[in-house]
Protein chains: 2
Amino acid sequence: MNYITIKDVAKRLNLSVSTISRAFNDKYDIKKETKDVILETAKEMGYRPNPMAKKLIQRRSFNIGIVVPEFINGYFPEVIIGAQEILFEKGYQVLITQSNECFETELKNVQTLENNMVDGLLLSISCETSNTEYYQKLVKNGLPIVLFNRVNKDLNTSKVLFNDYKWAFFATEHLITQGYKKIVCLKGADNLSLSHERVRGFTDAFKKHKTIITKDKIIPTGFYAEDGMRVAEAMIKNNDIPDAIFACNDPTAIGAMKVFKKNGYRIPDDIAFVGFTESKMADLIDPPLTSVSQPTLDIGREAAKLLIEQIENRTGSHLPQTVTLNGQLNIRESSVRI
Amino acid sequence: MNYITIKDVAKRLNLSVSTISRAFNDKYDIKKETKDVILETAKEMGYRPNPMAKKLIQRRSFNIGIVVPEFINGYFPEVIIGAQEILFEKGYQVLITQSNECFETELKNVQTLENNMVDGLLLSISCETSNTEYYQKLVKNGLPIVLFNRVNKDLNTSKVLFNDYKWAFFATEHLITQGYKKIVCLKGADNLSLSHERVRGFTDAFKKHKTIITKDKIIPTGFYAEDGMRVAEAMIKNNDIPDAIFACNDPTAIGAMKVFKKNGYRIPDDIAFVGFTESKMADLIDPPLTSVSQPTLDIGREAAKLLIEQIENRTGSHLPQTVTLNGQLNIRESSVRI
DNA sequence: TTGTAAGCGTTATCAA
DNA sequence: TTGATAACGCTTACAA
C-alpha cells in the first residue's frame, strides 16, 4: 500500500532519515523551520510512517484489544461504545474481537491481538472458558488486562463488576413485597460467576423474608429466548406454574412471557416477571418488563480508565483494583400487582 | 512480552537463524529431523515468531478488517459471525471496528486497520458517509475491499447486497392484498441507498396496483424505536391514522406499535404493521411482527468469500462483482386481516 | 541542530 | 541441506 518511506522524504529534502524521524516525533531538538518543511513535504508526498517498523522497535502500538464472547445481545456493544469513548480520547485505537462463546476462538482472538502488539486487553470471557492458564501467563508477562462482566477469580487483574448479588436480591425482594409466593429463578450459564451471584441474591432475599426456598425453584435455563420458552412450556405441561419468575436475563424472561401469554395466562395477574441486564426490548414488549438495568456505558468507561492507568504507569508496581458498579431496578407492569 | 527471538533459538541449537526460519515456514528444503528438533525446542523455549517483523518484510498480515457503522441492532453482529466463519476457515483473523455512525471515527478505524496491514477490508459505511474520496484512494492503491449492505455507488468494488427493492415491493404488496388502503411508509436514513431502494419498492407496489400514492405518505423517520414512537404520536395527535404502516426497519415499526397499542388501537384490526430487516424481537412482541428477514449470515459469508478471492488472486486483474441476496417475508399477526 | 550507524526480528538471496 | 548477509522502515545513541 504505502510505498513512500522515510528515506524518500529524506532524499527529496536532502536531509538524513533521522531528521525526518525527529520531525515526526517531536521530542528531539529540531529547528522549527526544518520541521515545518518536512511535515509539509511529507504530507504532500503522501508519506505515513510505517507502524510495523515503529512497533517493531518500540514494542508499543497504541492499540487496545477488546475481547467479548458475543455481541448480539446489545449488552457488550454498549460496553464497547463506552470503552471506545475513553480510549479514543486518550489516543488509543480499538480492535474488537468476538468469540461466539467459543473458548478456542477466544484464544485465537487474544493471540491475534497480541500479534498486533496491543498495549492492553479489555476482556470478558466466554461461558466455555474455565481454563485460564493462558491468561495467567499473559498477566505474569506483564500484559495489562482488565476483566469486565464475565470474570474469573483465578485471574489477578483489575476488574469492573456489576453488583449482581445486590440487584438480584432487590429484584427478588420486589417480587416478594408485591405478595408473590411461589417464585422461581431461571438461572443462567453455569460456568459464569455472575450466574451464581444472581442466584445467591435470589436465595438470600428468600432467607431474609423467612420463606423457605426449595432446590427445585432454581431452574437452569440458559441465555436465549428459546431457553425461556422451553422452560415455560415445561411448566405448563407439568401444570406447575409459579406466581412469579425471576429470570437471570431479559431474553429468557421474554421468551417465557411469550409462551405464557400464548397459553392464555395474564401478566402479571397470573404470573409476574422480572428480568436482568435490561435490554432495549424490556420497554417495548407488552406488558413492559421489570428489569435490572446495568450501567453498560460506565462499565466500558471504567474498564478503559483502569486499563489506561495501568498501561501508562507501567514502571510503578501495579495493584489490581476492582470497581463494582451499581444498577437500577426499573419496575414496570410485568411485576406490579394491581 | 515475547522476548525470545529467532536468534535465541538459533544459538541454543547451534544453527543459523535462516534454518530456524525455514523450519517455521515450511516452503524451504529442510531436513525433517532438524525441523522437528527446531519446532520442539522452540515450543519448549516459548518462542513465537514476531509478527511485526514478519509483516514488515512481507507486507502481509493474514488479518482482515471489518468496519461497521453500529452493532446494537443485531444485524451487523450476525453478518460478522458469517464472515468470521469463512475467514477463520481460510486462516484469516478478524479485526472488528465500529464507528457509531460517525464518519470521522470510521475513517480513523480504517486507518488503524491499514496500520495493522490488514490484507483486506469488509466495509459497511456509516449513514454520515457521503465523501468516499479516501476509500477511492484505497481502492486505487489496490487494497482489496468488499462493501456490504451499506454501499456507495461511487465505489467500484465488489459488493454484497440485499434486494431491498424487491422485498419492499413484496412487503407492500402483501399489505395491499390484505385490503389495506391507506398505507404509510416510514423511511430510513436519507444518505443510504438502501433507504431509497425500499421506498422505491413501496412506491412501485402502489403503482402496480393502480393506487395513487401521494408524497406525504412517505414519512422520514430514522433508525430507532424512538423515531417510530415520535411519528406514531404525531399521527395520533393529528388524528391522521393510516390503515397500515410499512416501516423501513423493525425498531421503528415496534416503537410505533407500542404507541398505538398504548392508545388503545388494536393491531392489526385498527392498524397493521410490517417491518424490515427482521430482528429477534419480531417474533417475541405482541402481536408478532411481519417483517422481511435478511440472510445475514450469508451476507457475511459471501462478502468474505469475495474478499478472499480478490486477495489471493492479486496477480490476475480483478473484476468487481456484485452479489445480490434474497430474503423472505415472514408473515405474522401484525399484518393479517382476520 | 543535524548526520551516521546500529539495531528491532524477521525473510530472502546467494553461496557454500 | 545449511549459513552469511542484506534487506524491510523505522528509532536512537553518539558523533559532528
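Note that the structure is predicted; figures quoted are calculated from it, not measured. Below, read A as the first sequence line, B as the second, and so on, with proteins coming before strands; counting in each chain starts at 1.
Rounded to an integer number of Å, the gap from A/Leu56 CG to D/dT11 C1' is 10 Å. Atom P of nucleotide C/dT11 and atom CZ of B/Phe62 are separated by 13 Å, given to the nearest angstrom. One interatomic measurement links the two molecules: CD1 of B/Ile57 to P of C/dC8, which rounds to 15 Å at whole-angstrom precision. Rounded to whole angstrom, the span from the CD1 atom of B/Ile38 across to the P atom of D/dT2 amounts to 8 Å. One can place CE of B/Met52 at 24 Å from P of D/dA7, the figure rounded to the nearest angstrom. In this entry the distance linking NZ of A/Lys11 with P of C/dG3 reads 15 Å, nearest Å. Atoms CD (A/Gln58) and C1' (D/dG9) sit 12 Å apart, rounded to a whole Å. Regarding B/Lys55, its NZ atom lies at a distance of 16 Å from the P atom of D/dC10, rounded to whole Å.
The residue A/Ile30 sits close only to the backbone: its heavy atoms come under 4.0 Å of sugar-phosphate atoms, none of a base.
Ring orientation note: the planes of B/Phe71 and A/Phe71 are tilted relative to one another, at an angle of 30° to 60°.
Not a single donor-acceptor pair, N or O on each side, falls under 3.5 Å between the base of C/dA12 and the side chain of B/Ser21. A donor-acceptor contact under 3.5 Å links the side chain of A/Ser18 to the base of C/dT4. With hydrogens and angles ignored, a donor-acceptor pair under 3.5 angstrom links the side chain of A/Arg22 to the base of C/dG3. In terms of polar N and O atoms assigned as donor or acceptor, the side chain of B/Arg48 never comes within less than 3.5 Å of the base of C/dG9 in a complementary pairing.
One finds no side-chain N or O of A/Lys54 lying less than 4.0 angstrom from the OP1 or OP2 phosphate oxygen of D/dC10. Under 4.0 angstrom from either OP1 or OP2 of C/dG9 there lies no side-chain N or O belonging to B/Thr5. Proximity of A/Asn50 to the phosphate of D/dC8: no side-chain N or O atom is located under 4.0 Å from OP1 or OP2.
Applying the salt bridge (charged side-chain N to carboxylate O under 4.0 Å, His left out) rule to pairs touching residues 93-111 of chain A yields A/Glu101-A/Arg150, sequence neighbours excluded.
With distances taken from any side-chain atom of A/Val17 to the nucleotides C/dA5, C/dC8, D/dC8, the minimum falls on C/dA5.
Atom CE in B/Met45 sits 12.0 Å away from atom CD1 in B/Ile38 (nearest 0.5 Å).
For the pair B/Thr19 and A/Lys7, both in contact range of DNA chain D, the more 5′-proximal nearest nucleotide belongs to B/Thr19.
A 4.5 Å side-chain heavy-atom check between A/Val110 and A/Leu138 finds at least one atom pair inside the cut-off.
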Per-pair distances, 0.1 Å, donor-acceptor, side chain in residues 80-96 of chain B, under 3.5 Å, sequence neighbours excluded:
unit_1: B/Gln84; atom_1: OE1; unit_2: A/Gln98; atom_2: NE2; d: 2.9
unit_1: B/Glu85; atom_1: OE1; unit_2: B/Arg301; atom_2: NE; d: 3.3
unit_1: B/Glu85; atom_1: OE1; unit_2: B/Arg301; atom_2: NH2; d: 3.3
unit_1: B/Glu85; atom_1: OE2; unit_2: B/Arg301; atom_2: NE; d: 3.0
unit_1: B/Tyr92; atom_1: OH; unit_2: B/Arg60; atom_2: NH2; d: 2.9
unit_1: B/Tyr92; atom_1: OH; unit_2: B/Glu312; atom_2: OE2; d: 2.9
unit_1: B/Gln93; atom_1: OE1; unit_2: A/Thr112; atom_2: OG1; d: 2.7

